[in-house]
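Note sheet for the following structure.
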Amino acid sequence: MASRFQAVTLVDSPSYPNSIAWSDENLIAVASGHLVTILNPALPFGPRGLISINRSEPYPIGAVKREDLASGCLLPTTLNRDPRPSVRSVSWSNLGMAPNSGCFLAVCTTEGRVKLYRPPFCDFCAEWIEVLDLTDRLYDYLASISFKDPDIPPSEISNEPVRNHGYVDDPTDSVSVKEQKRRKVNNFGVRNAGLETSCDQISHGPSPSPELEGQGPPKGRCTKSGGQKSSHQIVPATRGRGRSAKTPPEVCSLPLITADQYASCSAMLSSLVVAWSPLLKLSSRIWGAPEINLSICFSLLAVGSKSGKISFWRINVPEYYSIEQSLAPTRVELIGILKAHNSWVTAISCALLASDSSSPQVLLATGSSDGSIRIWIGHGEEFLKSTEVNNAPFYPLKEIINIYAVPVSVLSLMPTQSLHKMLLAVGRTSGAIEVWIGDTSVKTFNKAGPYDAHDQVVTGLAWAFDGCFLYSCSQDNFVRSWSLRGSSLSEMPIPSSSPGLRSVSDMPDVFISCLGLVVSPSNLAVAMVRSFDVNQLDHMYEARLQKAAVEFFWIGGHQKDILSNTYLEFDIEALPGFTEKELVYWESNILWSLKQYEHWDKPLVIWDIVAALLAFKWSAPDYVDHVLVKWFSSSFVDVHVQRSIGKVLPHVCKSFCKAASRQLHLLNIICRQVILPELKADEINSNLLNFTVDNPNFAQDKQHKLWMDLLSRSEKELRERLVGFSFSAYRSFASNSATTSEPGYWYPFGMAQMEQWVANNNHQVHDQLKVVATEIKTCKRSRCIELAEEDKEQCSYCSAPVPFESPEFGVCGGMESNGSSGQKHKLARCAVTMQVCPITPLWLCKCCQRWISKLAPESLFKMPQQYCLDYKFSPEPSSIKVASKPQCPFCGILLQRSQPEFLLSPLPV
């Protein structure tokens, strides 16, 4: 039996499948009852984020007669007695969607509402901030077309005024207060969200306009498109809830509709599941602006409803990122509504097909309560050109019909590394799972299964290691691991050996069901959420606060590849509980994970890699050295596996000039977090300033000194690339008379400081950089005003001059008072421009603890392997705009605003 290496309890229990999601920021969201709990897996017992779901006012769809309330289509609504809505579905967006470059969280509730939330990076609170209610916008669109649907002829809707007691949401409005207390009031149905406003003043509730703007459906709720009067016209109404029986009933001018019409309209607004697409990036040549050398980035949010339709929302990446305040506008637009199924849409999964990157394609898999599954494909350029909401830009590839009509509970879509190939895992309420292997180019799909994997509803499916393994969980409390070899799926046990087990003996092991699982970004761990059997808990102490738990298991010991002639070069007795094969599997999987992160577009979140290496290092440091030597041999040139780590490190340094920026970022993180974890980041930064292998002040063993030398050379190589690129761009900006930067774009600030840094390190930098630094001085003489302003730096506290002595910090001269020098201030310098940081909110790297006031250029992070920086290169005028990227130039991880220790913040490493 596999052993968890950490676990954390929740105050409420999940109720629906897929109740857990893992973000690209390394945050975990769990849908637990009426709450969404957000955890940091690196600090599971630390601060948490929170989203609390409250009741929402129902939409004014129409009024039905009291005798129709007992009809079959309205019984679920009439009998609904949920005191508070619960969370049904959660989904994280890709990195870069939120105003601080983080992730949005889409939340779907049992009321059918879908809302977007962002992290409170500038609000300093635990509650996440609501950005937009998408259901409000969907209602605006549907009301503008009078809820037109083939099943709802608009001519059958009556405009006859009815009494207020005909509301379907509140059948108790006409009864006494005493009876109203005895009977719980249903809160789902027809009620105007703006009861005390006029028709033209009805709004969406809390205005999200500072955060998002859209050009989607119209906001008016009173007229049809084209200016005609809507049969669903909204008029003022008075609040009827809590009214005494003596109060005379008031006239309601909502349209009188039949029970079937109301149920159909309500189903369009009742969302069940949400899913984000991967980030799509289209060049200007595709979206119709070839003269501008820019690209547009956006993501799609798919929302499935009870009507069988899926609405697609295009949400653009913010124009620029900020941590001071959430004012960066983001465009949101409804681009299509797709009639996907004839029954409830119960599962959605999106993936980016591995095809031509210039024209990305999105795969969409949808499942329904009638057991049907459909696979769709959409092209990136059509998502931008889509103008008709009724024509969603997705086209069917495959339809799968289940003859027994067993509802689909979960889907997991996985594109493989092979072109046009995909894997689709399907979980059903019967406990069966099946896998479909497809080729989208020829539209062929082969089935593996079905397999009777579980005895109850399948509540979670997750692929790992590029489709080699599939993990499933169920309401029967079982979690199973499956290996896919060709077209055959076979069950394999979850590895029982676990590095660095932690003591979690204080948590009761009385679970009753598993409501979802998710694989970590590096595929080395899996997290699952389980509900406790409260009848077996202590009702005084445990049952009140412990309703469920999130457990973490290592899966790095799975055999991903068929290895031959593979052996370890050290004694395995230092690792009790591990066989030689298991260590070989761990080595193979860690190397595979590191290789995936060498692609610059994959968010750098290697928490599980660092945690696994640290766990192995505590018991067998030689094994960690062995794994790192293997990684050096595959990622850096002129390195031989047969050598020891002490002999390999000097050879790695010689290949830095030919290494990709992402490889250097990975190396820096491993040096800081795995090899030198006992040293604080500030201490390492200070030691790196004038570090040499023979430095006696660094009191560590020889191997640690070699690692420090490796880190020093790697960061110096990255700094040279940044300085060289800045010099090259500065000449281009000067020739085009550009003196200021635009929001979202990079500008080469700090030229004087960079020149001084080159002069101070003249004996260490490349000769090309020395030459271009001299040319920059000549270029700057023609801009003497800017040169004078940039050369003079002043202390933010006392206005004393700050000389440039170090790229990490500056010390002011202190203001003279009574003939003596005053207090001197130590000031942080920006890691990008080397300028003194202002007294404003700054970006922070959680790995190297460096501060950044001006973001680095995106091109710095894209430099490929075998790249030789040509410092004489000058960008063309058409491509002079370079996007800025909120990433650390030395670690490559996402920057963020520093938060107090009692508030949640992501830790990618």
Salt-bridge criterion met for Glu434 and Arg428 (N-O under 4.0 Å): yes

Does some side-chain heavy atom of [Y] sit less than 4.5 Å from a side-chain heavy atom of [X]?
X      : Y      : answer
Val345 : Ser368 : no
Asn94  : Cys103 : no
Tyr471 : Trp463 : no
Met422 : Ile375 : yes
Thr37  : Ile51  : no
Leu364 : Ile348 : yes
Leu27  : Asn40  : yes
Val87  : Leu35  : no

Is [X] reaching over with its side chain to a backbone N or O of [Y], donor-acceptor style, under 3.5 angstrom?
X      : Y      : answer
Thr346 : Val408 : yes
Ser19  : Val30  : no
Ser93  : Phe104 : yes
Asp608 : Ser522 : yes
Ser277 : Leu300 : yes
Arg374 : Ala340 : yes

Which pair of non-hydrogen atoms, one from [X] and one from [Y], has the smallest distance, and what is that distance?
X      : Y      : value
Ala525 : Ile555 : N-CG1, 3.7 Å
Lys602 : Pro521 : NZ-O, 3.9 Å
Thr78  : Leu69  : OG1-O, 3.1 Å
Gln546 : Pro508 : OE1-CD, 3.5 Å
Val90  : Ala29  : CG2-O, 4.4 Å
Pro85  : His34  : O-CB, 3.4 Å

Would you call the rings of [X] and [Y] parallel, tilted or perpendicular, where under 30° means parallel and over 60° means perpendicular?
X      : Y      : value
Trp22  : Trp607 : tilted
Phe552 : Phe5   : tilted
Trp92  : Trp128 : perpendicular

Does [atom1] in [X] sit with more than 12 non-hydrogen atoms of other residues, nucleotides or ligands closer than 6.0 Å?
X      : atom1 : answer
Lys447 : NZ    : yes
Phe478 : CZ    : no
Trp344 : CH2   : no

Report the distance from atom [atom1] of [X] to atom [atom2] of [Y], rounding to the nearest 0.5 Å.
X      : Y      : atom1 : atom2 : answer
Arg55  : Arg84  : CZ    : CZ    : 9.5 Å
Ser56  : Lys115 : OG    : NZ    : 4.0 Å
Lys306 : Leu272 : NZ    : CG    : 6.0 Å
Tyr404 : Ser430 : OH    : OG    : 11.0 Å
Ile609 : Asn589 : CD1   : CG    : 10.5 Å
Phe469 : His558 : CZ    : NE2   : 5.0 Å

side-chain contact (heavy atoms from CB on, under 4.5 Å) between His341 and Thr366, intermediate numbers included: CA-CA 8 Å; His341 298 274; Thr366 61; 2.8 Å; yes

Answer with yes or no whether the side chains of [Y] and [X] bring together a donor and an acceptor at under 3.5 Å.
X      : Y      : result
Ser311 : Trp313 : yes
Ser32  : Asp12  : no
Arg88  : Ser86  : no
Thr429 : Ser409 : no
Ser593 : Asn523 : no

Verdict with supporting geometry, Leu461 and Ile433, side-chain contact (heavy atoms from CB on, under 4.5 Å): CA-CA 9 Å; Leu461 291 171; Ile433 64 172; 4.1 Å; yes

Ring centre gap for Phe616 and Phe578 strictly below 6.0 Å: yes

Salt bridge (Lys or Arg N to Asp or Glu O under 4.0 Å) evaluation trace for Arg113 with Asp136: CA-CA 8 Å; Arg113 293 265 185 166; Asp136 276 347; 3.1 Å; yes

Stepwise side-chain contact (heavy atoms from CB on, under 4.5 Å) check, Tyr117 with Ile129: CA-CA 5 Å; Tyr117 295 85; Ile129 309 302; over 6 Å; no

Leu134 and Leu301: CA distance, side-chain angles, deciding distance, side-chain contact (heavy atoms from CB on, under 4.5 Å) verdict: CA-CA 10 Å; Leu134 289 179; Leu301 179 62; 3.2 Å; yes

